[in-house]
Amino acid sequence: MPEAAKPSLGTHYSRYLIGNVLVLVASFISFPVLTRLLDNRQYGIFGYFETWLLVLLAILKLGAQHSIIRFYPHGQPQAAVRSFVSGFLLVPFRYSVILWLALLAGYYLVSRDMEREVRIVGWCMVVLILPQVWTSLANALIGIEERSALYVRVAIAQRWAEMLAIVGTVYFIERSAIGAYAARVVVAIALALWLARWVFRHHAPQRRAGVAGDWARTLPYSVPLVANEISGSLLGLLDRVMLKHVLNDFVPVGIFSVGAGLAATLNTVINQALSVAFTQVSMRQYALEGPEVVVRTKRDTLRFMVYACVLLVVGIACVGRDFLLMLSGAGKAASARVFVVLGCCYLVYGLVDLMGSGLLLVKRSKTMLALNVGATLVTLLVNLALIPRYGVDGAIYATLSGYAVLGLGQLALCPTELRAWPDARALLTALALGALLAGVAAGTDLFGLVSHFARFAAMAPLALALFVVPAVLLDPVLRGHLGAWRRRGSADPAAPR
């Protein structure tokens, strides 16, 4: 895509946000069904293998998605792009296939003594890895080329296909974690085949001498990021494994997974949409225009994000429990505290992460690795200390500790020329309006409403009247940014691809 035709950050973010909202709708359809049809033990089995899936997926990707994002030949002719795709996507995927075959043999050996149901879910997880490796690498290519419209369409198609397949299978065929995982495998294979067709149709990878060496030379950058991705996955999911092995029971894993899963969905809609959009734009800006432009983009984005973060934290604190019970039913009440605490944690971390992003722009992947490993070790130690005493609450405290170490570490070690802070006036305005909203909601007990749906619905107009409208009226810069993003989005010359 020509540089002049590439969409702005506002356009990217609006596309990702709309896409993630549609993904969220699919999640809100499947979540109530699955939480009612699967008991805490089944949900625990599902969450336990989800942790292993993400860790093994990080290993088998070999860091190739990071190399694709960091070393993409911006501004180069199409022949260079075809050669890049061959060397940075196809070559590492061949090694991924070899590792996957070894994994099949290894799982066969270690699974023979497992309970039948657990063993079958594990096989589904292992089969699922390879198509997801390919999907991740292809999505990295689509993303760094700033084809946000296509990226979003793929994400929406994947999530809705998964939702229909999983809900249909669990409801009509097999009400267990086996049914849910088997449905995911079918969808993942179909999506991977479609993406393979797209890659070969649009880029026609070009083989040449030394193409494998091109990727191999980036391993000092990408290998630390493999460990970094593993640590990042463990940071968010280690609690499930620790709960299972410390308490020797899948039920606490299920309680934690229900609340943490809903919190992670919220994190995907708000923070991941911004992270993907900002990464694409910042890589290009840093390579072509320098750190000053990146920091200016950060500050503009932070002004909006600080209001969104405070508003959502207050909303979760006030009606998060109602929201979870409205979706999952009274049988999952034990998961409400997990959702409220971790939902707030993820939102605050997303803001701090944006402020301190920049280590990967200057290729300090080993520093990011050290931060992630340190945060994961803190999570591990706190889990070991607190789960035997506090159970699921101990896992919550461990997650909070790990994200605190990671966020503050990123902020402290971010290069000075790339660090950005939210505007003081915007931050104080957001905190004051958040306190007002929380005070009114708590003081009136949301007008004495009892129904979970009614309490959740009452919070929306209250937030609009006491937070959103005052924020726009009190902050002229915010008004200007919102107007500029709206005009830029409507006038963007880049057609969806």
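Side-chain atoms are counted along with the backbone in the values below, which use heavy atoms only and exclude waters and symmetry mates.
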With a 4.5 Å cut-off on side-chain heavy atoms, are [Y] and [X] touching?
X      : Y      : value
Ser335 : Phe256 : no
Val81  : Pro73  : yes
Gln410 : Met368 : yes
Leu62  : Phe93  : no
Asn40  : Lys332 : yes
Phe339 : Phe323 : yes
Arg299 : Val295 : yes
Tyr181 : Trp123 : no

Can you give me the closest heavy-atom contact between [X] and [Y], atom names plus distance?
X      : Y      : answer
Phe88  : Pro92  : O-CG, 3.2 Å
Leu238 : Thr376 : CD2-O, 4.1 Å
Leu347 : Cys309 : O-SG, 3.6 Å
Asp39  : Gln42  : OD1-N, 2.8 Å
Val253 : Arg240 : CG2-O, 3.5 Å
Met242 : Leu380 : SD-CD1, 3.5 Å

How many angstroms lie between [atom1] in [X] and [atom2] in [Y], if you round to the nearest 0.5 Å?
X      : Y      : atom1 : atom2 : result
Ser96  : Lys61  : OG    : NZ    : 10.0 Å
Ile59  : Leu99  : CD1   : CG    : 9.0 Å
Leu243 : Thr51  : CG    : OG1   : 10.0 Å
Arg303 : Thr301 : CZ    : OG1   : 12.0 Å
Leu137 : Gln132 : CG    : CD    : 11.5 Å
Ile45  : Ser257 : CD1   : OG    : 11.0 Å

Please confirm whether the backbone N or O of [Y] pairs with a side-chain atom of [X], one donor and one acceptor, at under 3.5 Å?
X      : Y      : answer
Trp100 : Val126 : yes
Trp134 : Leu193 : no
Lys298 : Leu418 : yes
Ser86  : Ser83  : no

Non-neighbouring partners of Phe49 that pass ring pair (Phe, Tyr, Trp, His ring centres under 6.0 Å), sequence neighbours left out: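 Partners of Phe49 under the ring pair (Phe, Tyr, Trp, His ring centres under 6.0 Å) test: none.
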
So, His202 versus Glu145: side-chain donor-acceptor pair below 3.5 Å or not?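 Judged by distance alone, the side chains do not pair up.
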
Side-chain H-bond candidate by donor/acceptor type, Ser30 with Arg159, under 3.5 Å: yes

Among residues two or more places apart or on two chains, list those pairs meeting ring pair (Phe, Tyr, Trp, His ring centres under 6.0 Å) that have a residue in residues 405-426.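 Residue pairs passing ring pair (Phe, Tyr, Trp, His ring centres under 6.0 Å), neighbours aside: none found.
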
Under the criterion side chain to side chain contact (heavy atoms under 4.5 Å, CB included), I'd like the reasoning laid out for Tyr349 against Asn267: C-alpha separation, chi angles, the key distance, then a yes or no. CA-CA 10 Å; Tyr349 170 74; Asn267 180 54; 5.9 Å; no

Output, in order, the C-alpha distance, side-chain angles, deciding distance and verdict of side chain to side chain contact (heavy atoms under 4.5 Å, CB included) for Phe46 and Arg184. CA-CA 12 Å; Phe46 192 91; Arg184 288 183 69 185; 3.8 Å; yes

Under 4.0 Å between a Lys/Arg side-chain N and an Asp/Glu carboxylate O for Glu50 and Lys244?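 Answer for the salt bridge query: no.
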
For the pair Arg337 and Asp393, find out whether any cationic side-chain nitrogen is under 4.0 Å from an anionic carboxylate oxygen. yes

Would Ile142 and Trp198 count as a side chain to side chain contact (heavy atoms under 4.5 Å, CB included) here? Give the steps. CA-CA 10 Å; Ile142 293 170; Trp198 182 89; 3.7 Å; yes

Just checking Tyr346 against Tyr403, ring centres under 6.0 Å apart?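 Yes - the distance between ring centres of Tyr346 and Tyr403 falls below the 6.0 Å cut-off.
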
For Trp52, does the CH2 atom sit with more than 12 other heavy atoms under 6.0 Å from it, leaving out its own atoms?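 Count not over threshold, so no.
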
Kindly determine whether His203 and Phe84 satisfy side chain to side chain contact (heavy atoms under 4.5 Å, CB included), including the steps that lead there. CA-CA 10 Å; His203 289 290; Phe84 175 85; over 6 Å; no

